[in-house]
Amino acid sequence: MCGIAGWVSFDHSFDRDPRTASATLDAMTETMSCRGPDDSGTWADGPAGLGHRRLAIIDLPGGRQPMTLGTPRGPLALVYSGETYNFAELRRELTGRGHRFTTDSDTEVVLHGYLEWGESVAERLNGMYAFAVWDGRDQKLVMVRDRMGIKPLYYHPTGDGVLFGSEPKAILAHPLARPRVALDGLRELAAFVKTPGHAVWDGMREVEPGTVVTVDRNGPRRSVYWSLETRPHGDDRDASVARVRTLLDDIVRRQLVADVPRCVLLSGGLDSSALTALAARQLAPTGERVRSFAVDFVGQAEHFVADRLRTTPDAPFVHDVAKTAGTDHQDIVLDTDALADPSVRARVIRARDIPMGLGDMDASLYLLFRAIREHSTVALSGESADEVFGGYLQFFDEEARRARTFPWLVQYERYVDEAEVLRPELNTALDIPSFLRDSYATAVAGVERLGGESDFEYRMRVISHLHLTRFVRILLDRKDRMSMAVGLEVRVPFCDHRLVEYVYNAPWSLKSFDGREKSLLREATADVLPKSVYDRVKSPYPTTQDPKYAIALQNHAKDLLARPAHPVFDLVDPAALRRLAERESPQVTTASRRGLERALDLALWLEMYEPELVLS
């Protein structure tokens, strides 16, 4: 897991002075030192410059980057972020084709794979990855991103080439990239819908999941090598359950491979509990115990209050799994002072480059990952199982099912007015309802209907597709940024494209055959789960219930209101923020907290990035 950056300038319009070019490439690369704390490197030849920050996971001494290969027609140079889980099989195949390797790293396998198969190497990779290859033979840059968008990759076309980086901050470190955000970018921040390819920053694009972007003298060219396709599902219930289990066993086996300490993130829910139990079973013959970590909050177990989303606290279920699976477990218990600390909020925003967050859930994830990093370098996460198997409430909510909008917004829209802090004239200019209508129409247009599929089954297919191509990408980006901000590699087994393809095409009647969420996953792992977890109702990632957190937010908001010249008030309505800041503690709802957090996030973002805002 690493950070990559660089550029191509075919006319050398912005790198004429070698010393300036080298300093700029170093600066772009250095912005991602957290992503790669173990090593750094740069490479330049002709029109191309590549930078790399390394988090060493496999072949610690041999995987340095940028990695190069000489050919009679010109060099190949690769900067790579992520993991290729089938690299051993690919290495054997390439060796049989005459390739010779000097390291044991997956990076070298990808480079030789490109030499052998060109851009179509992407179709052979199983993993999470984002990489760029400078192909000196044809004078082109090839950028590739994994199928599900687990690893980020951005680019910024220029007059004679392109800038690129794992994160926008790397691109923004180049003098040609202006930190400018217009209404389209602000809509992305306000709507909680991730538009494929959109990067918020003007002039910048995201390499879309399952996509190759090639840049030569004619400009960027985009080709899709994978997308979520509709196919018949011929397996019955028993065969489907068995196939899910077979896939999960193989996926967990592959994703446990590392030359550094590993662990699992354990919440006590079905997803993480299943992964923990499967990992424990696979490691047992070697005598190795799985390390597991869970997040909790001071006083949460004693003072937990059930609500519609969270009916039970996590801790009892976490400990049941840890005992059953025999893990070496540790609870990471966070206090309110840490969650509300403005310096933590600033680190979260710096990690994400944008103020599009989930408040205390982002802060707690960052603090959890920071604590885990003291013990492990790789963690397995249950992220995306709800999108794959159908675990969220909106999959079962009739209003959400019928709504002609993104299903996860139905719940949100029930209380959004209460938390609105943006200036009324800005809301008018943003026109979020029209933006959502257009975004939704685009998102559903490509969902193919299976012949003979009922209206209800097709509607559930659409809902699954929306979660797998829109919603999950918000969460994967959050997971990547929070983990890489502390140099922790988080792997997501449920995003294996083989599992995604198989379960996506299973009819909803199979995904919920027992009338509950994630029926296929529950039955596929029933033999390794404690009964308490098998019977547990879905509970989302936890949030603190301590009223002190809301009070801290209100105090920070009052401090902000005392600075009426702050640029945030070009975006935020001071009267609306004051109403939230002065509410009595019992009236500060979750929605109120989100409104306060949005204003505070925007303020910090404006201070840190000083973006040029175009509000008309």
Side-chain angles (χ1 to χ4, degrees), residues 2-10 12 15 21-22 25 28-29 36 39-54 58-59 62-84 86-87 89-125 127 129-146 151 153 155 161-166 207 211-223 225:
C2 309
I4 66 175
W7 67 64
V8 172
S9 176
F10 290 105
H12 301 277
D15 64 346
S22 176
L25 185 57
M28 295 172 69
T29 306
D39 196 9
S40 66
T42 60
W43 176 92
D45 183 73
L50 308 179
H52 187 264
R53 292 291 316 201
R54 186 183 184 208
I58 293 174
D59 188 7
R64 294 199 68 192
Q65 298 183 48
M67 191 173 284
T68 60
L69 274 178
T71 79
R73 293 174 46 217
L76 299 180
L78 169 71
V79 281
Y80 171 88
S81 170
E83 303 292 344
T84 296
N86 64 334
F87 79 96
E89 297 98 305
L90 291 173
R91 181 187 175 105
R92 288 193 293 269
E93 182 178 357
L94 289 164
T95 299
R97 291 172 175 263
H99 292 259
R100 295 295 177 262
F101 294 87
T102 60
T103 76
D104 295 321
S105 70
D106 60 334
T107 303
E108 190 180 14
V109 171
V110 173
L111 182 55
H112 279 266
Y114 178 84
L115 177 63
E116 180 69 28
W117 298 300
E119 296 175 16
S120 62
V121 65
E123 300 169 20
R124 297 172 177 265
L125 304 181
Y129 46 84
F131 60 89
V133 180
W134 170 248
D135 190 335
R137 301 169 303 177
D138 298 318
Q139 295 289 289
K140 65 181 182 180
L141 182 77
V142 178
M143 296 179 285
V144 181
R145 192 171 179 205
D146 66 68
K151 302 312 298 176
L153 184 56
Y155 67 103
V162 71
L163 314 172
F164 71 89
S166 293
V207 177
T211 300
V212 177
V213 175
T214 303
V215 182
D216 57 20
R217 286 189 175 273
N218 296 317
R221 173 177 56 83
R222 174 180 171 273
S223 61
Y225 70 90

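As a basis for the values below, the full set of heavy atoms in this structure was taken, side chains included, without hydrogen atoms, waters or symmetry mates. Each residue takes its place number in the sequence, starting with 1.
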Between [X] and [Y], is any pair of side-chain heavy atoms under 4.5 Å apart?
{"X": "Pro220", "Y": "Val162", "result": "no"}
{"X": "Asp138", "Y": "Arg73", "result": "yes"}
{"X": "Ser166", "Y": "Arg53", "result": "no"}
{"X": "Thr84", "Y": "Phe131", "result": "no"}
{"X": "Thr71", "Y": "Leu76", "result": "yes"}

In this structure, which one of Gln65, Arg64, Arg54 forms a side-chain hydrogen bond (donor to acceptor under 3.5 Å, both in side chains) with Asp39? Arg64
Atom [atom1] of [X] and atom [atom2] of [Y]: how far apart are they, to the nearest 0.5 Å?
{"X": "Glu83", "Y": "Asn86", "atom1": "CD", "atom2": "CG", "value": "12.0 Å"}
{"X": "Tyr225", "Y": "Ser120", "atom1": "OH", "atom2": "OG", "value": "11.5 Å"}
{"X": "Arg91", "Y": "Thr103", "atom1": "CZ", "atom2": "OG1", "value": "6.5 Å"}
{"X": "Leu94", "Y": "Phe101", "atom1": "CG", "atom2": "CZ", "value": "4.5 Å"}
{"X": "Arg137", "Y": "Leu115", "atom1": "CZ", "atom2": "CG", "value": "6.0 Å"}
{"X": "Thr95", "Y": "Leu90", "atom1": "OG1", "atom2": "CG", "value": "10.5 Å"}

State, to 0.1 Å, how close [X] and [Y] come at their nearest heavy-atom pair, and which atoms those are.
{"X": "His12", "Y": "Gly46", "result": "CE1-O, 3.2 Å"}
{"X": "Asp146", "Y": "Gly127", "result": "CB-O, 3.8 Å"}
{"X": "Val207", "Y": "Thr211", "result": "CG1-O, 3.8 Å"}
{"X": "Ser81", "Y": "Cys2", "result": "OG-O, 2.9 Å"}
{"X": "Ala122", "Y": "Tyr129", "result": "O-OH, 3.5 Å"}
{"X": "Ala21", "Y": "Trp7", "result": "O-CH2, 3.1 Å"}

Mutual orientation of the aromatic rings belonging to Trp134 and Phe10 [parallel < 30°, tilted 30-60°, perpendicular > 60°]: tilted
Side chain to side chain contact (heavy atoms under 4.5 Å, CB included) assessment of Leu50 paired with Ile4: CA-CA 8 Å; Leu50 308 179; Ile4 66 175; over 6 Å; no
Test Leu141 against Tyr155 for side chain to side chain contact (heavy atoms under 4.5 Å, CB included), laying out the working first. CA-CA 11 Å; Leu141 182 77; Tyr155 67 103; over 6 Å; no
Does Glu116 come within less than 4.0 Å of Arg124, counting only side-chain N to carboxylate O? no
Verdict with supporting geometry, Leu78 and Tyr114, side chain to side chain contact (heavy atoms under 4.5 Å, CB included): CA-CA 10 Å; Leu78 169 71; Tyr114 178 84; over 6 Å; no
For Tyr80 and Asp106: C-alpha separation, side-chain torsions, deciding distance, then whether side chain to side chain contact (heavy atoms under 4.5 Å, CB included) applies. CA-CA 10 Å; Tyr80 171 88; Asp106 60 334; 3.4 Å; yes
Given 3.5 Å as the limit, does a donor-acceptor pair link the side chain of Arg145 with the main chain of Lys151, or not? yes
